[in-house]
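Worksheet for the structure shown next.
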Amino acid sequence: MELSIIVPFHKGKNYLKDCLESISDQNIQDFETILVLDHVEEDVEDLLRRFEDQIDLKVVSLSENCGVAAARNAGLDQAEGKYLYFLDSDDYLMEETLYEMLHCANKNKADIVCGTVEKTWYKRQSFLEEYSNQEGEEDILKEPGREKSKVFSQSLLEEKSVLGLLIKRDLIKKYQIRFPKELAVYSDLPFCATIMASGENFVYHKIAVYVKRYHNDPIKLPSLDQKEIPDRHMQYVRSFVLARKAAGSNGEIEQILEEDFFHYFIQLYQKKFLPKQGQLLPGSQFKTVCNAMKQCDRERTKKYHWKTRKLLDGFWEEKEEKCIFYGTLILGLSKFKKSKTKGTALYRMIDRFFFQKLPVKNNWILFESYLGKNYADSCKYIYLYLDEKYKDQYKFIWVLRDTKKEIDGSAKKVKYMSLKHFYYAARSKYWVNNMRQPVWREKRQGQVFLETWHGTPLKRLVFDMEDVHSATATYKSDFYKQSRQWDYLLSDNSFSTKVFKSAFLFPEEKILQHGYPRNDILHWDNQEERAATLKKKLKIPTDKKTILYAPTWRDDEYYAPGQYKFQLALDIGMMKQALEKDYVLLLRTHYFIADQLDISEYEGFAYNVSHYDDVSEIYLISDVCITDYSSVFFDYANLKRPMLFYTYDLEKYRDILRGFYIDMEKEVPGPLLYTTKEVTEAILHLDQVEEVFRDRYEEFYRKYCCWDDGHASERIVKDVFRV
Ligand code: C2G
């Protein structure tokens, strides 16, 4: 047997599936896979059965949760291969990884071959697609090299991990090497230090890729790095002491380990601001770190900047306050340096040390919608209600990117992310927001957050998503942190309530089930008057009917977080030709879209209404609405006007990018259309469309719109502001 792969598994069946598939797709066969089930509570039998005939699988079951070190040891006890390879059950391999590793090992008579570790947030299928499109082939095809120091630094410093290494089993047998099972984390370090010190022949082989998958859900499925481990730092110290001992007289390994040790604690003390008299490590723990530090060669600290050296001196002198002082100084200076270019960092400091100390004003309410981009959505209608009824009792503040923007009522306008914004955010008792607040913003005691959210969900959200394809990979953990600060969350229907409970892990008792304030306007009886005023304002002809096209954004098409691309997939020329006699077309891009529409050639037929803040008002002037996967359709249905769904990329959007909560093909109140021709035809025969979808529309309305009656703002204001 050429090779044994050892795969410890505790939790995460979907991850394991990808891992086993990648093993079964290897282009060599002479190897065994030892899967160690470390007290597994999920039912994985069906999954394992699927692979029974495809791979040589040995399953070892541990009845107690022993941890990764013990599980790997159990695998080592069973291994029969000439070489060993560790693969974690949440990671996977490329098709040629094992062939490359083995071929290289045999050719070079290597004790250890070290491959590349690629990191990704994505499951295998998405990763492979992305990887195959990558450039830089020449570099990747680099010949294997006897680069001992590269192997040392990758396994002991960069990765601190055994992953990506092919190890000769004789080495393990000869020295009886095992993972220290008393360590829940960092058990790889002593293991790696031991094999590095014992081996002689090291080869670095870049083309053999191990794919390490980050966990995007640190709440429901945290990786070891993300888990809360109370004595994590002490475990690192123990791991370091063991590794250093294992290094013996090998100076190169010793140096790497000691520098890593310095780095670990330098980082720890400059990660966040601590109170002046505070403590980061309880007394005995700090002493343990000092003792380990004193075993290191102090000469090595000379290469650091003086402030960092002073921080490290704190350990030699056993003075934690010194570590804290210099850690804070380094952090503060680096933030200040950044603030010269970013501004907000400086404001954050002023906020932290000054504004946050001023008392909270009980009658101040801060409104923000779409990150300050629009004066719109439910925040606007809650504000209008409050301004009409309780103007004398409250001070209203609107956060806007453009403070020249005209808004109704008595509110004070402040610029988004200006010093004033920080000031009012720190002092206002109430925040009314339709999106998430910045992840770094802490809610003060006594403040109340009303999260209105911005739509009934069709697309899967947060914890109901498997992979996250949008620009921010830390979406799930950020979301969790942010949503824990919300005191109220609005829901437009019982379906949304159910989704918010699972997708946001949000408690039902904090969900206000009153309908959406933004839809109040769709039930007021002055609609015609409002529509006429708006048409006049936007210079839209009144003698023709209007078609609104309001698509959503695509998660994978972006320039940067919050700045998405948009390519118009409707052939406006074709629509113009067929429809201009009776219709005009209103185009509205999503608020995330950074691209500007150029529709100058279709003047008189197509109008860009993307810059008008409030889409609810635009619904009033639209006789028919074309959308796609946008929550627009849940709101527009309040008007009971015809709707068409231009779902030209349905499969990709539904199956790869997001996944849906409802079956569009069965539930939405209009036809799914795939070409401009189909869209045009449907508009020419709207009567027929309405006829076909009449019952479905009724059912849809009952399910999603029945709480909206024109009085949602009133009910919410009563609950939140208790007036
Ligand atoms: N919107 C708009 N114009 C568009 C698309 C959307 O004004 N072309 C507004 C609508 O009010 C819509 C809201 O932005 O309800 C949210 O947009 P979605 O397309 O639904 O997408 P997203 O911002 O991802 O929110 O639970 C809801 C989801 O989170 C969706």
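For the numbers below, each heavy atom of this structure counts, side chains included, while hydrogens, waters and symmetry mates do not. Numbering of ligands and ligand atoms starts at 1, following listing order. This structure is a prediction, so every number in the text was calculated from the model and none was measured.
In summary, the aromatic rings of H215 and Y15 are positioned with their centroids under 6.0 Å apart. For Y488 and W431, the ring centers sit 6.0 Å or farther from each other. In summary, the aromatic rings of F463 and F504 are positioned with their centroids too far apart to meet the 6.0 Å limit. Ring pair Y424/W364: centre-to-centre distance below 6.0 Å. Taking the centre of each ring, F127 and Y122 stay at or above the 6.0 Å mark. Residues Y381 and Y385 place their aromatic rings such that the two centres sit no closer than 6.0 Å.
Annotation: F500 places no N or O atom under 3.5 Å from an N or O atom of ligand 1; distance criterion only. Between Y591 and ligand 1, at least one pair of N/O atoms sits closer than 3.5 Å. At least one N or O atom of Y370 sits closer than 3.5 Å to an N or O atom of ligand 1. Here's the thing with Y619: none of its N/O atoms is less than 3.5 angstrom from an N/O atom of ligand 1.
For the salt bridge (charged side-chain N to carboxylate O under 4.0 Å, His left out) condition, the pairs that include at least one residue of residues 492-504, sequence neighbours left out, are K501-E508.
When each of I365, I716, V720 is checked for a side chain to side chain contact (heavy atoms under 4.5 Å, CB included) with V432, only I365 meets the rule.
The protein heavy-atom contact nearest to atom 5 (C) of ligand 1 is P551 O, 3.5 Å. Given atom 17 (O) of ligand 1, the protein heavy atom at minimum distance is H590 NE2, 3.2 Å. With hydrogens left out, the protein atom closest to atom 1 (N) of ligand 1 is V632 CG2, 4.1 Å, a heavy atom. Closest to atom 3 (N) of ligand 1 among all protein heavy atoms lies R588 NE, 3.2 Å. Protein heavy atom at the shortest distance from atom 16 (C) of ligand 1 is H454 O, 3.3 Å. Of the protein's non-hydrogen atoms, S631 OG, 3.4 Å is the one closest to atom 12 (C) of ligand 1.
Remark: the D623 side chain and the Y583 side chain contain no N/O donor-acceptor pair separated by less than 3.5 Å.
Contact atoms of ligand 1 toward W553: 21 (O), 22 (P), 23 (O), 24 (O) (distance under 4.0 Å to a heavy atom of the residue). Listed by atom number, the atoms of ligand 1 under 4.0 Å from P457 heavy atoms are 26 (O). Against a heavy-atom cut-off of under 4.0 Å, R518 is close to the following atoms of ligand 1: 11 (O), 15 (O).
Residue-level proximity to ligand 1 for F634 is absent, since no heavy atom of it falls below 4.0 angstrom. With a heavy-atom cut-off of 4.0 Å, L461 touches ligand 1 through its side chain alone. Contact annotation: for D377 versus ligand 1, there are no heavy atoms closer than 4.0 Å.
Aromatic ring pairs are classed by plane angle as parallel below 30°, tilted from 30° to 60° and perpendicular above 60°; the pair F495 and Y704 is perpendicular.
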query: Is there a salt bridge (Lys or Arg N to Asp or Glu O under 4.0 Å) between E388 and K391 once you walk through the steps?
result: CA-CA 6 Å; E388 190 195 327; K391 201 191 315 229; over 6 Å; no

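Put simply, part of W453 is less than 4.0 Å from ligand 1, judged by heavy atoms.
For atom 26 (O) of ligand 1, the nearest non-hydrogen atom from the set A550, S616, G455, A376 comes from G455.
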